[in-house]
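First comes the structure, then the notes that go with it.
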Number of protein chains: 2
Amino acid sequence: MSFSGKLRKHKNAPEPTLRRLPVYLYFLEKVREEGTINISAPVIGKNLKCDPTQVVKDLSVTGIKGKPRVGYNTYELIHALEEYLGFNRTNEAFLVGAGNLGSALLAYQDNQSLGIKLIAAFDVDTEIIGTSIGSIHVLEYNKMFHLANRLNVEIGVLTTPNHVAQKVAEDMVNCGIKAIWNFTSAILDLPDNIIVQNTSLSTSVAVLLRRLNDSEK
Amino acid sequence: MSFSGKLRKHKNAPEPTLRRLPVYLYFLEKVREEGTINISAPVIGKNLKCDPTQVVKDLSVTGIKGKPRVGYNTYELIHALEEYLGFNRTNEAFLVGAGNLGSALLAYQDNQSLGIKLIAAFDVDTEIIGTSIGSIHVLEYNKMFHLANRLNVEIGVLTTPNHVAQKVAEDMVNCGIKAIWNFTSAILDLPDNIIVQNTSLSTSVAVLLRRLNDSEK
DNA sequence: GCACAATCGAGAATTTTTTCTTTATTAAAA
DNA sequence: TTTTAATAAAGAAAAAATTCTCGATTGTGC
């Protein structure tokens, strides 16, 4: 199915915009709980400390129109953002590497939504195979291949040690996984059509430390 | 002490560069273990799938000079990067919120270096106060104020539930913390001189899902 | 020792992203 | 009903980041 039936009304957002969208979404959900029906870009900008025209440009990717003098309908915007980001779909995912970080993610999603749903976890450590973290059982790694045939999972979360990351990533690709959320520091070499989202913690630390050192001159 | 005594020889890197530097660092550490003495920008670029002139520009912020036909000295580069990113300093930090994510970070740093060293963890949950995660004891939240006076901690890691994040962040600032690594979705409103590094997981998911949906047209 | 090929480094050109400006629309006030 | 002020949206300008181009340098092979 190459053409999804419905016209693509939204544009391709630049990545900086894409990274800001979940921030808007979280803020909007908060103000909606407080009963806000309409909200304007200047108000959003004031709260999030960013330029109001930036807000307008960013939100325009969802296709939602605001009204002058009123702003956007909170409810509409939230739904358009969820739709645009894919947060309203199920987005089932496999996780490989149920160590510290892996089990944290598994437990985490029981409380807060990650935007994806981990439906199975795999590891090679016989100590953790068979245990449950949150509501998810940790299965033997080899089971991944079999399970991948039945369930149609497109997303893989990679929380293994660095030195096995490449191998596991290749296995994931062979299982039909299309996108990998990579928490390791490994630089994955995979086919071009595979989407790799690197979320190495040291990247954040680097930015933080540098800004801290700069601020201290 | 406003002037650090030694001349600042490095420039202020743009943020995209800053985020790439830890990737270079990891790669360089790997090739150095394999015995590589010198490495050129084209080789780095080929491995990391990025433009070689980008590599040259990025690495130039460290002040290290490469030689034509040879490239950079691996050892020198690694040290310059560690120095530039601050990874060779201790960077002691407090962590507040020893739930799933918090305890994962605590355990994580025992195996892999984060770039910062968590020296104490705090929580309000009497169930976890007194327990140890990795080599760190979880202390009662109120102890933070007392401990902050003695130790001179500048970095705070925020892994609390969203609804208490603002309050805890303010407490951190009152304890003398200058930089906050924020894992919550809360939008922190703090004095301008406080550095906030947001690392909300949904940001990464957003980019991943959008790219996945785009690729499926 | 001399030509040759590789690569750094600086700056120019291009592209992307952000910010500014203008116009048009809308609700509220007069 | 008319005027006024606020705001979205589109496009222009500015700034930032990336990619391209070229000259200088250095090691390798002839």
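Per chain, numbering begins at 1; letters A, B, ... match sequence-line order.
We find that CG of A/N73 is positioned 15 Å from C1' of D/dA8, with the value rounded to whole Å. To the nearest angstrom, P of D/dA17 lies 11 Å from CG of B/N12. Here the C1' atom of nucleotide D/dA16 and the CD atom of A/E15 are 16 Å apart, to the nearest Å. In this structure, CG of A/D51 is placed 15 Å from P of D/dA9, rounded to the nearest angstrom. For A/I39 and D/dA8, the CD1 to C1' distance is 15 Å, given to the nearest whole Å. Atom pair B/N38:CG and C/dT7:P shows a separation of 12 Å (rounding to whole Å applied). Computed from coordinates, the A/I37 CD1 to C/dA27 C1' distance equals 17 Å when rounded to whole Å. Here C/dG9 presents its P atom at 15 Å from CD of B/Q54, a figure rounded to the nearest Å.
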> Where along nucleotides 21-30 of chain D does protein come under 4.0 Å, by heavy atom, of base (B) or sugar-phosphate alone (S), with - for untouched nucleotides?
Replying inline: B---BBBS--
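For C/dT17, its base never sits under 3.5 Å from the side chain of A/K57 at any donor and acceptor pair.
Mapped onto DNA chain C by nearest heavy atom, B/P52 and A/R20 fall at different nucleotides, with B/P52 at the one closer to the 5' end.
Every pair tested for side-chain hydrogen bond (donor to acceptor under 3.5 Å, both in side chains) that includes a residue from residues 90-105 of chain B fails, sequence neighbours excluded, so the list is empty.
A/E154 is not listed as a side-chain neighbour of A/I177, based on a closest heavy-atom distance of 4.5 Å or more. Counting only heavy atoms from C-beta outward, the side chains of B/Q197 and A/V205 never approach each other to under 4.5 Å.
Distance from the side chain of B/Y72 is smallest to C/dC8 among C/dC8, D/dT19, D/dA9.
Counting non-hydrogen atoms under 4.0 angstrom, A/P42 reaches the backbone sugars and phosphates but no base.
Note: A/Y75 and A/H79 have tilted aromatic rings, judged against thresholds of 30 and 60 degrees for the angle between ring planes. Ring geometry for A/F183 versus A/W181: interplanar angle of 30 to 60°, hence tilted.
Ion pairing of B/K30 with B/E34 is absent here, as no side-chain N (NZ or NE/NH1/NH2) approaches a carboxylate O to less than 4.0 Å.
The number of heavy-atom neighbours closer than 6.0 Å to CD1 of A/I37, taken from other residues, nucleotides and ligands shown, is 12 or below.
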